[in-house]
Amino acid sequence: MSQMQENKLSTFDISGFQGDLIGWYSNEKRDLPWRLNRDPYRVWISEIMLQQTRVDTVIPFYNRFMEKFPTIQALADADEQEVLKAWEGLGYYSRARNLQTAAREVVALHEGKMPSVPKLLGALKGIGPYTKGAILSIAFGQPEPAVDGNVMRVLSRILEIDEDIALPKTRKTFEALVRALISHEDPSSFNQGLMELGALICTPQSPMCLFCPVQQHCRAFHTGRQLELPVKSKAKKKKTIRYAALLIHNSDGKVLIEKRPQTGLLAGLWQFPMIEMGVKGETLEGKAAKELGIGLEVGDKAGVLKHVFTHLIWEIDIFNAITTVAEPASERMRFVTMEEMEERPFPVSHQKMMPYLSREQ
DNA sequence: GAGACGTGGGG
DNA sequence: TCCCCAAGTCT
């Protein structure tokens, strides 16, 4: 820890802060499904789902997931497509794939029980520094830091830390601070209290300082700097990619879909074939025939769609098309009925295209 | 360390 | 419309 941070802690009322934070959390914490008990599996699933995702969004996914995969063994035994289907619409799909990989690791290496040793837990796929600390403190009661965006924002204000929280190295600063601040009597309530405070009171936009249980401990409130902190550098602009999406019907009344590659964007999910439309070039029909390996007749544009990801934008023109081909040329492509389509995981971008499917045939 | 990696909600 | 997010991790 730097000299400046040690100075800030030397005049800080640690036990008073712990008491006020934990007292508030005990009274005001939300009643959430993953707070039913401390079962490490339940805590683990919740922490993965909550990564970069709001509580209100997670709740229904969490309940359905726990019903479908009640144990680590059940998750390990499941088909990957089944797990992705349960994750459909939640985003960041590598979380689901890593989760199942880790479940299989736990079965193979730890007799099906979540390890409570930090190094073993952190070695599991998809469990980084934050999730490791969250599981260790919440499920196993260990005084380990669990530093997420909330914790960095809250502590930036309370201790007036001016480091850029967008920089990866900054997390280490806050882990050191939490190690100095954390309650050894109730590390779970301390860590969750910090996050709950960030979610309910010490929000990014308009923090409700007048209702804050640790207002008297907050340096930023006393200096009026709560709106300036935390320091966070801006993201860069997104790139736009233009596509034509093809809803290709055959004479059996089925529609052509393809499975995306096992790595990268939307890995392992299914979609309607898309043709990238760069600057000019061949006709859509010609490009489609070449890339898909089948002849087809493209109809009028059925609609347009804009889908915004974290780092890029898809602008998609949607076309219905007809082919006389009965079997796709590629292994990863299938002609399917509507019923068969619904069994497979699709990204939201392609769910939005389904209403444009031609009814006739 | 920078960039990839989803989605839906709010101001 | 646009920008900022929301309990991060992997490469």
Side-chain angles (χ1 to χ4, degrees), chain A residues 25 29-30 32-35 43-62 84 87-99 101-102 121-139 145-154 164-172 174-175 178 188 190-200 202-206 230 232-241 260-269 271 306-314 345-352:
Chain A
Y25 177 73
K29 65 180 174 189
R30 290 168 290 180
L32 300 171
W34 46 87
R35 289 179 176 163
V43 173
W44 177 30
I45 300 301
S46 74
E47 291 303 337
I48 300 297
M49 285 191 172
L50 285 164
Q51 288 170 10
Q52 304 290 284
T53 312
R54 287 184 164 74
V55 163
D56 289 344
T57 302
V58 166
I59 290 172
F61 282 90
Y62 180 81
L84 284 173
W87 213 267
E88 181 185 63
L90 195 52
Y92 285 138
Y93 298 95
S94 67
R95 290 183 296 174
R97 293 152 43 77
N98 291 341
L99 195 52
T101 298
L121 193 60
L124 297 172
K125 197 80 171 166
I127 297 187
Y130 163 75
T131 305
K132 178 173 69 172
I135 295 173
L136 288 172
S137 59
I138 298 170
V147 174
D148 70 341
N150 282 313
V151 172
M152 290 196 282
R153 181 175 62 258
V154 169
D164 182 354
I165 67 168
L167 299 178
K169 66 173 182 181
T170 301
R171 196 198 73 247
K172 299 184 199 298
F174 287 95
E175 283 176 348
V178 170
S188 170
F190 181 87
N191 279 343
Q192 292 193 79
L194 235 31
M195 293 188 275
E196 196 83 342
L197 189 67
L200 300 180
C202 195
T203 52
Q205 312 271 4
S206 314
K232 187 175 185 181
S233 54
K234 306 294 184 193
K236 48 178 260 187
K237 228 183 100 185
K238 310 180 202 303
K239 286 218 154 94
T240 297
I241 308 179
R260 294 181 60 87
Q262 286 298 103
T263 57
L265 184 64
L266 305 171
L269 276 68
Q271 67 177 16
K306 178 173 173 170
H307 195 79
V308 180
F309 296 92
T310 303
H311 60 297
L312 61 91
I313 299 172
W314 281 356
F346 279 75
V348 169
S349 53
H350 285 254
Q351 291 175 36
K352 290 178 182 168

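Chain identifiers are assigned alphabetically (A, B, ...) following the order of the sequence lines, protein sequences preceding nucleic acid strands; residue numbering begins at 1 within each chain.
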Q: What do you reckon, are the aromatic ring centroids of A:W87 and A:F61 less than 6.0 Å apart?
A: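 Centroid separation for A:W87 and A:F61: 6.0 Å or greater.
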
Q: Could you tell me which residues satisfy side chain to side chain contact (heavy atoms under 4.5 Å, CB included) with A:Q51, sequence neighbours excluded, listed by chain and number?
A: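 If we apply the side chain to side chain contact (heavy atoms under 4.5 Å, CB included) test to A:Q51, skipping adjacent residues, the hits are A:I48, A:R95, A:T131.
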
Q: Which part of the nucleic acid, if any, lies within reach of A:T131 when heavy atoms closer than 4.0 Å are counted: base, sugar-phosphate only, or nothing?
A: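 The residue A:T131 makes sugar-phosphate contact but no base contact.
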
Q: Quick one: salt bridge (Lys or Arg N to Asp or Glu O under 4.0 Å) partners of A:R35, sequence neighbours excluded?
A: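 With sequence neighbours excluded, A:R35 shows a salt bridge (Lys or Arg N to Asp or Glu O under 4.0 Å) to A:E196, given in chain and number order.
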
Q: Both A:R153 and A:I127 contact DNA chain C. Taking the nearest nucleotide for each, which residue is further toward the 5' end?
A: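 Looking at the nearest nucleotide for each, A:R153 comes out on the 5' side.
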
Q: Could you go step by step and tell me if A:Y62 and A:I45 meet the side chain to side chain contact (heavy atoms under 4.5 Å, CB included) rule?
A: CA-CA 8 Å; A:Y62 180 81; A:I45 300 301; 4.0 Å; yes

Q: A:K236 side chain: which of B:dC5, B:dG3, B:dG1 is closest?
A: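 When the side chain of A:K236 is considered, B:dG3 is the closest of B:dC5, B:dG3, B:dG1.
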
Q: Give each protein N/O atom lying under 3.5 Å from an N/O atom of nucleotides 8-11 of chain B, with the pair distance.
A:
from  : atom 1 : to    : atom 2 : distance (Å)
B:dG8 : N2     : A:R54 : NH1    : 2.4

Q: Over how many whole Å does the gap from A:I313 atom CD1 to B:dT7 atom P extend?
A: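 That distance rounds to 14 Å.
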
Q: Any base atoms under 4.0 Å from A:L266, or only sugar-phosphate, or nothing? Heavy atoms, all strands.
A: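 Sugar-phosphate: the residue A:L266, judged by heavy atoms under 4.0 Å, touches backbone atoms but no base.
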
Q: Report the nucleotide, chosen from C:dC10, B:dT7, C:dC5, that has the shortest atom-to-atom distance to any side-chain atom of A:N98.
A: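 Nucleotide nearest to A:N98's side chain: C:dC10.
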
Q: Go through B:dG6, C:dT9, C:dA6 for me and flag the one nearest to the A:T53 side chain.
A: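 In terms of side-chain proximity for A:T53, the closest of B:dG6, C:dT9, C:dA6 is B:dG6.
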
Q: I'd like to know if the side chain of A:Y25 pairs up with that of A:Q192 as donor and acceptor (distance under 3.5 Å, no hydrogens or angles considered).
A: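 Per modelled atom types, A:Y25 and A:Q192 side chains form a pair under 3.5 Å.
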
Q: With sugar-phosphate meaning primed atoms plus P, OP1 and OP2, does A:K132 contact a base, only sugar-phosphate, or nothing at under 4.0 Å between heavy atoms?
A: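 The answer is nothing, as A:K132 stays clear of every strand by at least 4.0 Å.
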
Q: Rounded to the nearest Å, what distance is computed from the CD atom of residue A:Q52 to the P atom of nucleotide B:dG6?
A: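 Rounded to the whole Å, the gap is 12 Å.
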
Q: Which of the following nucleotides, C:dT9, C:dC5, C:dC4, is nearest to the side chain of A:K234?
A: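 Looking only at heavy atoms from C-beta outward on A:K234, the closest nucleotide is C:dC4.
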
Q: Without decimals, in angstroms, what is the distance between A:Y62 OH and C:dA6 P?
A: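 A:Y62 atom OH is separated from C:dA6 atom P by 23 Å.
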
Q: Report the distance from atom NZ of A:K239 to atom C1' of B:dA2, rounded to the nearest whole Å.
A: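 In whole Å, B:dA2 C1' lies 13 Å from A:K239 NZ.
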
Q: Are OP1 or OP2 of C:dT11 and a side-chain N or O of A:K125 less than 4.0 angstrom apart?
A: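 So the side chain of A:K125 is within the cut-off, an N or O lying under 4.0 Å from OP1 or OP2 of C:dT11.
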
Q: Considering residues at least two apart in sequence or located in another chain, which fulfil the salt bridge (Lys or Arg N to Asp or Glu O under 4.0 Å) criterion with A:R153?
A: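 Salt bridge (Lys or Arg N to Asp or Glu O under 4.0 Å) list for A:R153, sorted by chain: empty.
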
Q: Rounding to the closest angstrom, what is the interatomic distance between C:dC5 and B:dG6 at atom C1'?
A: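 Rounded to whole Å, the distance is 13 Å.
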
Q: Nearest whole angstrom, please: distance from the C1' of C:dC5 to the CD of A:Q51.
A: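 Value for this atom pair: 16 Å.
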
Q: Mind checking the P distance from C:dA6 to B:dC5? Whole angstroms is fine.
A: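 Result for the P pair: 23 Å, nearest Å.
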
Q: Taking only N and O in the side chain of A:H311, is any of them less than 4.0 Å away from OP1 or OP2 of B:dC5?
A: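 Looking at the OP1 and OP2 atoms of B:dC5, one of them is under 4.0 Å from a side-chain N or O of A:H311.
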
Q: Atom CD1 of A:I165 to atom P of C:dC5: distance rounded to whole Å?
A: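 To the nearest whole Å, that distance equals 8 Å.
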
Q: Scan A:V151 against the nucleic acid and name what it touches under 4.0 Å (heavy atoms): base, sugar-phosphate only, or nothing.
A: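 The answer is nothing, as A:V151 stays clear of every strand by at least 4.0 Å.
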
Q: When the distance from CD of A:Q262 to C1' of C:dT11 is rounded to whole Å, what number comes out?
A: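 It works out to 17 Å between those atoms.
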
Q: Looking only at side-chain atoms of A:L167, point me to the closest of B:dA2, C:dC5, C:dT9.
A: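 Of the options given, the side chain of A:L167 lies nearest B:dA2.
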
Q: Could you tell me whether the side chain of A:R260 and the main chain of A:L265 form a donor-acceptor pair under 3.5 Å?
A: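 Yes: the side chain of A:R260 pairs with the backbone of A:L265.
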
Q: What does A:G264 touch in the nucleic acid at a heavy-atom separation under 4.0 angstrom: a base, only the sugar-phosphate, or nothing?
A: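 Here A:G264 touches the backbone only, sparing every base.
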
Q: Over all strands shown, is A:R35 touching base, sugar-phosphate only, or nothing at heavy-atom distances under 4.0 angstrom?
A: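 Base, at least one base heavy atom under 4.0 Å.
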
Q: Expressed as a whole number of Å, how far does the P atom of C:dC4 sit from that of B:dG3?
A: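 Per the computed distance, 16 Å lies between those P atoms.
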
Q: Any N or O donor-acceptor pair linking the side chain of A:Y92 to the base of B:dG6 at under 3.5 Å?
A: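 Answer is yes: a donor-acceptor pair is held.
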
Q: Partners of A:E47 by salt bridge (Lys or Arg N to Asp or Glu O under 4.0 Å), sequence neighbours excluded?
A: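 With sequence neighbours excluded, A:E47 shows a salt bridge (Lys or Arg N to Asp or Glu O under 4.0 Å) to no residue whatsoever.
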
Q: Rounded to whole Å, how long is the line connecting atom CZ of A:F309 with atom C1' of C:dC4?
A: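 Going from A:F309 (CZ) to C:dC4 (C1'), I get 18 Å.
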
Q: Output all residues satisfying side chain to side chain donor-acceptor pair (under 3.5 Å) with A:S233, sequence neighbours left out; order by chain, then residue number.
A: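 Side chain to side chain donor-acceptor pair (under 3.5 Å) check on A:S233 returns A:D164.
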
